[in-house]
Structure formats: structure tokens, C-alpha cells
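The structure presented is a predicted model; accordingly, all values stated were derived computationally and were not measured. As a basis for the values below, the full set of heavy atoms in this structure was taken, side chains included, without hydrogen atoms, waters or symmetry mates. Each ligand, and each atom within it, is numbered from 1 in the order the structure gives.
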Amino acid sequence: MSGRPRPEFDTLVVGAGFAGSVLAERLASQLGQRVLVVDRRDHIAGNAYDYVDEHGVLCHRYGPHIFHTRSEKVWRYLSAFTEWRPYEHRVLAEVDGQLLPIPINRMTVNRLYGLSLRTDEQVQAFYDERAEPSRYVANSEDAVVAKVGWELYVKFFRGYTRKHWGLDPSQLAASVTSRIPVRTSEDDRYFSDPFQNMPLEGYTRMFERMLAHPGITVRLRTELADVSHEVEFGRMVYTGPIDAYFGHRFGHLPYRSIEFEHRTLPTPGGGLLQPAATINQPDEDVPHTRVTEYRHLTGQRHHCSTVAIDHPCAEGDPYYPVPRPENRERYLRYQALASELPGVSFVGRLARYQYLNMDQVVGQALGVFERFAADAQPALAASL
Ligand code: FAD
Ligand code: UDP
């Protein structure tokens, strides 16, 4: 046995978003650790934070968050902290004066071109006539043009992507536009995952339950720098931007931001303002990218309704890592430094500089926890 006294906290977790909260919950509930969670914001839940606005509408402060996953493990884990409301997200894109379903599917093609294609084979043949499958898929332009051709690419992807990222799709990794499938069926759901639901009482309520364990202490409006010297801890889980952790010594990693403009309008009789939860605007002449009406997502009935209008921008909170080769190279230099710090784990979208959805961050955090558990208690890890 070592003679050293146990520090005040076994683990310091920096960031109360999905990455930090999942790890805090697991370390406290499964390993009996004392965990301190700090976040510089005045709330928990990270970018998934939701709240009731001054009009009584449940809103998401950092843009619309829709939960979907193919991981039963992630779904089972989160189900301990929330019930779910079945919800399948649908999006319409305004193209050539029409509101058309995106992802591009049979209905999109029929309405845009005045066709009546009826089978998957007919729609595939339509794509095949236009697609450029021989293109080597090196970037986000190639990824779409290879599947549906230039015209649909320009109408649905080029303008939206230029506005959202401030870059042409040809300057972005193929993985960005590849998030959106191309379908031959009439399936007009935005996501294809088998599990599509929203937390019944919202994300913040789910996080409150995760962090309610008596072994967890949460300090808000608190920077890592406020506690790193003052508090004794065994190890650290860091979920903020990795370049900031290392004082940007290799230069800043680019992050894209968004200004969310919230507007509230009366909806007499409890109706809704938009025909779909989200209306996308791929037209480059329209400054915003999308408008989302929260009540579609939350199922809330109310006498007014709030929409979020996304205005992408370069400055502001770091929301999106920008997937392109030169940024990955810079990230790898930071990652090499991180791997030399055995007492600190870098977890989540900003700390790993990866364009991850919520469920992927939960899966990553559970994986990190399993490795901790294997080191701490091999028998427990074997049973997880
Ligand atoms: P975050 O939620 O960013 O949490 C990190 C926390 O660390 C923050 O609260 C921050 O304040 C804190 N922090 C950072 N540095 C410090 C420091 N030095 N000291 C103290 N605190 C610090 N995913 C989906 O699955 N579906 C969606 O529909 C969806 N929509 C999205 C829409 C937008 C506009 C954005 C930006 C993201 C969306 N996501 C969506 C992705 C989702 O938000 C992330 O996957 C998830 O929230 C990442 O969790 P995280 O814990 O890694 O990071
Ligand atoms: N995209 C597009 N047109 C659309 C929808 C998406 O060009 O109508 C592209 C755009 O580059 C976007 C990417 O596909 O950034 C991924 O879209 P997603 O809706 O997954 O983005 P997020 O919800 O993460 O902002």
C-alpha cells in the first residue's frame, strides 16, 4: 500500500456535456469514485442544454439536437436516466421555389423533375444517368457528385455547405456530406438509425439525473484554471478543445460556429408554424442555412412557437471541428502531446477534434470508462 493520502477527488472532469457527464456518472456509480465536474458555463448538459424560454417554449440553446443511434448499448445506458418520446426527424429543403424532402429520395426527384418514378430500380437508373461513379472520392463534392451527379449536388449541397462551413465542399473531407444518405425509396426521414427518440422531459433533465449521484460534485461558472492548482485530484478527464489545453502551441485548430436567432410567434389553437421540423436553405443568396421549430421535436403543445434560425460564422463558441486533411495533421500533433500525459484523458467532440453526434460521444465515453475499470478492477471490467 502506498503511504500517500487519497486526494480530495479521485477524478476532475472538465466539461459537463455528454463526454464529461457520462464519465462522471460511471466513475461514481461503478467505481465508487469522488468526482468533481467543472464547467465554465452556468449550466450542465454542454451543447445539448435545453431550457424553457420566456414564452414557455422548450428550446435548445445551442441549436436543435435530435437523438438517434444504432447502438443498443448507448440507448440502454441513457434509458436509465430518461424516458423517451418517439420522434422521427424530417427536413424540407427550399429548392427552385419548392419545399422538397432531403435526404434526396424518390419523392424529391419526382417533385423536382415532374416525374412519376415508382420503383427503387427506376430511381437508381435516374441517379445512374447523372452520377459520376468513376470519380475518386477525395472530398465532399466528389462524395455527392459520384452518387447523384452535378445538378442535384449544386441544388442541394454546394450552397448550403459553402454557407455552413465557409468553405467549398471540395475543401472538406468526404465524410461531411456523406452524413446525408441518398435514397431510392420514399423514406423521407432525415436519419436512418433504428433508434430515433427524444428524451421525454428534455436533455437537461436527463443530465440532472446522471449527475445526481452523491459521489459527484458539480461546480458551474468554473474554469479548469480555477481549480487545477487549488483542488487535489487523482486524474483528469478533459472534454474541452484540445488546442486550448496546450495553449495553442501548434496554432489554433479551426472550429466553425453558429449564431442562433430565436423568434417566437403566436400559434392560435396550438398549431405549428412550419410544415416540417427543419427547413433548409441551400440557396447561397439566402444568408441562413436552416430554420428549426422546436415544438416539432419536443411535441410540446403551446399557444406560441419558437424557431431557431442558423447563421453560420467563423467567430464564437467552438461548435464544429472542421474535417479536412491539414486540420487533422495539426490535431495529430496535439494528440501526440496528449498521449504523453498519462494522468489526463481527452474525450468528446472538442477534445478529440472529431465531428461526433451525441450517441457517438456517449459510446466513446463508455469505452474510455471500460478501460479505466479494467485498470482499476479487472473483475468488474470483465462483467461490463
Ligand atoms: P460539449 O457538449 O461541447 O461539452 C464540453 C463542455 O466543456 C462545454 O460545456 C464547455 O463549456 C466545457 N469546457 C470546455 N473547456 C472548458 C474549460 N477549460 N473549463 C471548464 N469548462 C470547459 N448531435 C446529435 O446527435 N444530434 C443532433 O441533432 C446534433 N445537433 C447539433 C447541432 C449543433 C449546432 C451542434 C454544435 C452540435 C450538434 N450535435 C448533435 C453534436 C452534439 O452537440 C455533440 O456530439 C455533443 O454535445 C458533444 O458532447 P461533448 O461532451 O463532447 O462536448
Ligand atoms: N448538407 C447540405 N445540404 C443539406 C443538408 C446537409 O449540403 O440540405 C451538408 C452540409 O455540408 C452539412 C453536412 O451535409 O454540414 C452534414 O449535414 P448535417 O445535417 O448532418 O449537419 P449538422 O446537423 O451536424 O449541422
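- The side chain of R290, and not its backbone, has at least one atom closer than 4.0 Å to an atom of ligand 2 (non-hydrogen atoms only; side chain from C-beta on).
- In terms of N/O distances under 3.5 Å, ligand 1 is not approached by G63.
- Residue-level proximity to ligand 2 for L172 is absent, since no heavy atom of it falls below 4.0 angstrom.
- Residue contacts with ligand 1 include Y320, since one or more of its heavy atoms lies under 4.0 Å from the ligand.
- An N or O contact shorter than 3.5 Å links D39 to ligand 1 by distance.
- Remark: ligand 2 atoms within the under-4.0 Å shell around heavy atoms of Y320 are 22 (P), 24 (O), 25 (O).
- When each atom of ligand 2 is checked for a heavy atom of H164 under 4.0 Å away, the hits are 15 (O), 25 (O).
- When the options Q354, R349, H65 are ranked by their closest heavy atom to atom 29 (C) of ligand 1, first place goes to H65.
- From the protein, the heavy atom lying nearest to atom 14 (C) of ligand 1 is G240 CA, 3.5 Å.
- In this structure, R179 is positioned above the aromatic face of Y355, its NZ or CZ under 6.0 Å from the six-membered ring centre and within 45° of the axis.
- With hydrogens and angles left out, the side-chain atoms of H311 and E261 include a donor and acceptor closer than 3.5 Å.
- Residue-level proximity to ligand 1 for T222 is carried by the backbone, the only part with a heavy atom below 4.0 angstrom.
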- prompt: Can F207 and H43 be said to form a ring-ring contact (aromatic ring centres under 6.0 Å, His included), step by step?
  reply: CA-CA 10 Å; F207 277 80; H43 59 75; 9.8 Å; no
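- Neither the backbone nor the side chain of Y355 comes within contact range of ligand 1; no heavy atom lies under 4.0 Å.
- For ligand 1, the polar-atom distance check against L356 finds a nitrogen or oxygen pair separated by under 3.5 Å.
- Heavy-atom proximity to F156, at under 4.0 Å, picks out these atoms of ligand 2: 2 (C), 3 (N), 4 (C), 7 (O), 8 (O).
- Y334 has its ring centre no less than 6.0 Å from the ring centre of F346.
- Some N or O of W165 is nearer than 3.5 Å to an N or O of ligand 2, by distance alone.
- Counting side-chain heavy-atom gaps under 4.5 Å among Ile, Leu, Val, Met, Phe, Trp and Tyr, the cluster of L58 also holds V52.
- The T161 neighbourhood of ligand 2 comprises atoms 7 (O), 9 (C), 10 (C), 11 (O), with distances under 4.0 Å to a heavy atom of that residue.
- Ranking protein heavy atoms by distance to atom 28 (O) of ligand 1, first place goes to I66 N, 2.7 Å.
- Not a single heavy atom of Y245 sits under 4.0 Å from any atom of ligand 1.
- In this structure, R349 forms a cation-pi arrangement with Y320, its terminal cationic atom sitting closer than 6.0 Å to the ring centre and no more than 45° off the ring axis.
- The stretch residues 110-122 participates, sequence neighbours left out, in these salt bridge (Lys or Arg N to Asp or Glu O under 4.0 Å) pairs: R106-D120.
- The cationic group of R130 lies under 6.0 Å from the six-membered ring centre of F126 and within 45° of the ring axis, placing it in a cation-pi geometry.
- At under 3.5 Å, a nitrogen or oxygen of F157, whether backbone or side chain, sits near a nitrogen or oxygen of ligand 2.
- Here P64 has backbone heavy atoms under 4.0 Å from ligand 1, and that is the only part of it that gets that close.
- Polar contact check, Y319 against ligand 1: no nitrogen or oxygen pair lies under 3.5 Å apart.
- For ligand 2, the atoms closer than 4.0 angstrom to any heavy atom of Y190 are 5 (C), 6 (C), 17 (O), 18 (P), 19 (O).
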